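What follows is one structure encoded as structure tokens, with my remarks underneath.
Reminder, nothing fancy here: chain letters follow the sequence lines and each chain counts from 1. Quantities reported herein were computed from a predicted structural model and do not represent experimental measurements.
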There are 2 protein chains.
Amino acid sequence: MNDHVHPTPDAFPTFADIENRIERVCARVPGSDRQPVLLKMLLQHIAGGLNSRMNEVLREYNLNRISFLALVMLVSSGGKPLNPSDLAEATGESRANVTRICDELVAKSLLRREPNPEDRRRIDLYLAPQGEELVQRTLPKIQNHAFSPFNDLTAEERDLLEAILKKLLGAFA
Amino acid sequence: MNDHVHPTPDAFPTFADIENRIERVCARVPGSDRQPVLLKMLLQHIAGGLNSRMNEVLREYNLNRISFLALVMLVSSGGKPLNPSDLAEATGESRANVTRICDELVAKSLLRREPNPEDRRRIDLYLAPQGEELVQRTLPKIQNHAFSPFNDLTAEERDLLEAILKKLLGAFA
DNA sequence: GAAATATAATTCAGAAATTTACTATCCCGG
DNA sequence: CCGGGATAGTAAATTTCTGAATTATATTTC
């Protein structure tokens, strides 16, 4: 989960400083363009900030971001199981890491593993009742505390952002 | 750098699947709203994808994303030194991690450390000539290979994205 | 239907990141 | 000018993550 912005007292001082630096570097390096670098930095800082905030909330429940995401994905399946590799894909984590995360979740009785009867290479992951409960309790808190920065955008801006980010993500194929 | 999307053969299959899952979860959990969760996931996947691509390019040079970013920040200072804590702030990494990164960079003769004459707690980090060269060589490659997804956006979309992301980042203060 | 190839999950070694604690220095109020 | 508190950098211990095998099962191909 190499994704944290360190919680310094003043973690987001002036992005303008960083922007100036980017301008200067790109002016000096031929073949470089300021905007993609800037966008990359913005995305990085925002994603990092959101992750930090999520972790702050989840710490009270002894969960980390990935474990929580795994639980959410399972809630979304509505009782149907998921395989570890599904989780790896959905979360963007390595499969080895997903195995470890699942070990933790099983140890906390939030998840249970069962062999898949049709394909015996596979393991089916079922959400335990406590896991569902935990998501019910924590997701609204995440929404309120961690995701509050989105409230500073207007509805139009959020829709626009959603559309542009979807298009951008599509470009990774 | 807990920030990688694992390079599976098909790392960005259909985000639509994930979107459907989010819809279902939020329908089931009172006090949750689909859009912020969706935006968070989009940001996460895009930032992770960009990081993976950067690391792919940088691997040839035995660098990782953070080390590279540190070098870029130093180039942006135009010969003036930076302190480790400046780098920590700019990169969003912990100070302890920056110390380690600098150890590596010094070992590779891309960076040199000198005590600050005015404040003896501080260390001044100077870019070595090889470090400058390395940025000159790698930044254009990063631009072409790693940041190419931005080319799928129109100029208007990029500007809009920049503006919205800046506003969003401002909301973290 | 046997051999070759591919896929799923895991294990394990080592790399990378965080947390806590420590040292040295600076700064401010008295 | 000195004592308490802040700040900078690092070190050590721990946790987390990855990457390369490993094992077991499916699937394809001939």
Q: Compute whether any side-chain donor of one residue and acceptor of the other, for B:Asn83 and B:Asp124, lie under 3.5 angstrom apart.
A: yes
(Q) If you compare every side-chain N and O of A:Asn97 against the phosphate oxygens of D:dT18 (OP1, OP2), does one of them come in below 4.0 Å? (A) yes
Q.
Between C1' on C:dT25 and CG on B:Asn83, what's the gap in Å once rounded to a whole number?
A. 14 Å
Q.
Quick check against the 3.5 Å criterion: does B:His145 have a side-chain atom that pairs as donor or acceptor with the backbone of B:Glu56?
A. no
Q: Please report, rounded to the nearest Å, how far the C1' atom of C:dT7 is from the CD1 atom of A:Ile123.
A: 14 Å
Q: Please answer: with hydrophobic residues joined when any side-chain heavy atoms are less than 4.5 Å apart, are B:Val135 and B:Tyr126 in the same cluster?
A: no
Q | Whichever of B:Pro117 and B:Arg100 has its nearest DNA chain C nucleotide further upstream toward 5' | A | B:Arg100
(Q) Check the phosphate of D:dA26 against A:Arg120, side-chain N and O only, distance under 4.0 Å to OP1 or OP2. Yes or no? (A) yes
Q: Name the nucleic acid region contacted by A:Asn116, choosing base, sugar-phosphate or nothing; use a 4.0 angstrom heavy-atom cut-off, strictly under.
A: nothing
Q. Can we say A:Asp103 and A:Arg100 salt-bridge, meaning some charged N sits less than 4.0 Å from an Asp/Glu carboxylate O?
A. no
Q. If only atom types and distance count, is the side chain of B:Arg112 paired as donor or acceptor with the main-chain N or O of B:Val106 below 3.5 Å?
A. no
Q.
Could you check whether A:Glu162 pairs with B:Arg34 (Lys NZ or Arg NE/NH1/NH2 to Asp/Glu carboxylate O, under 4.0 Å)?
A. yes
Q | B:Thr99 side-chain N/O to D:dG9 phosphate OP1/OP2 under 4.0 Å | A | no
(Q) Between P on D:dT18 and CG on B:Asn64, what's the gap in Å once rounded to a whole number? (A) 13 Å
Q. Rounded to whole angstroms, how far apart are CD on B:Glu93 and P on D:dT16?
A. 17 Å
Q. Side-chain N or O of A:Arg59 less than 4.0 angstrom from OP1 or OP2 on C:dT19?
A. yes
Q. Given that B:Asp86 and A:Glu104 both sit by DNA chain D, which one's nearest nucleotide is further toward the 5' end?
A. B:Asp86
**Q.** Candidate nucleotides D:dT25, C:dA16, C:dC12, ranked by approach to the side chain of A:Asp119 - the nearest
**A.** D:dT25
Q.
Side chain of B:Ser85, heavy atoms from C-beta onward: which of D:dT16, D:dG9, D:dT10 has the nearest atom to it?
A. D:dG9
Q: Figure out the CG/P separation between A:Leu69 and D:dT16, and round it to whole Å.
A: 17 Å
Q. Out of D:dT10, D:dT16, C:dA8, which has the shortest distance to the side chain of A:Arg95?
A. C:dA8
**Q.** Rounded distance in Å - CD1 (B:Ile101) to C1' (C:dA17)
**A.** 9 Å
Q. Taking the side chain of A:Pro84 as its heavy atoms from C-beta onward, which of C:dA17, C:dT10, D:dG9 lies nearest to it?
A. C:dT10
Q | Integer-rounded Å distance: C:dA16 C1' and B:Asn51 CG | A | 14 Å
(Q) Here's a test of your reading of the structure: between A:Arg113 and B:Glu118, which maps to the more 5' nucleotide of DNA chain C? (A) A:Arg113
(Q) I want to check one thing: is the phosphate of C:dA9, taken as OP1 and OP2, less than 4.0 Å away from some side-chain N or O of A:Arg121? (A) no
Q) What is the distance from CG of A:Leu125 to C1' of C:dT10, rounded to the nearest Å? A) 13 Å
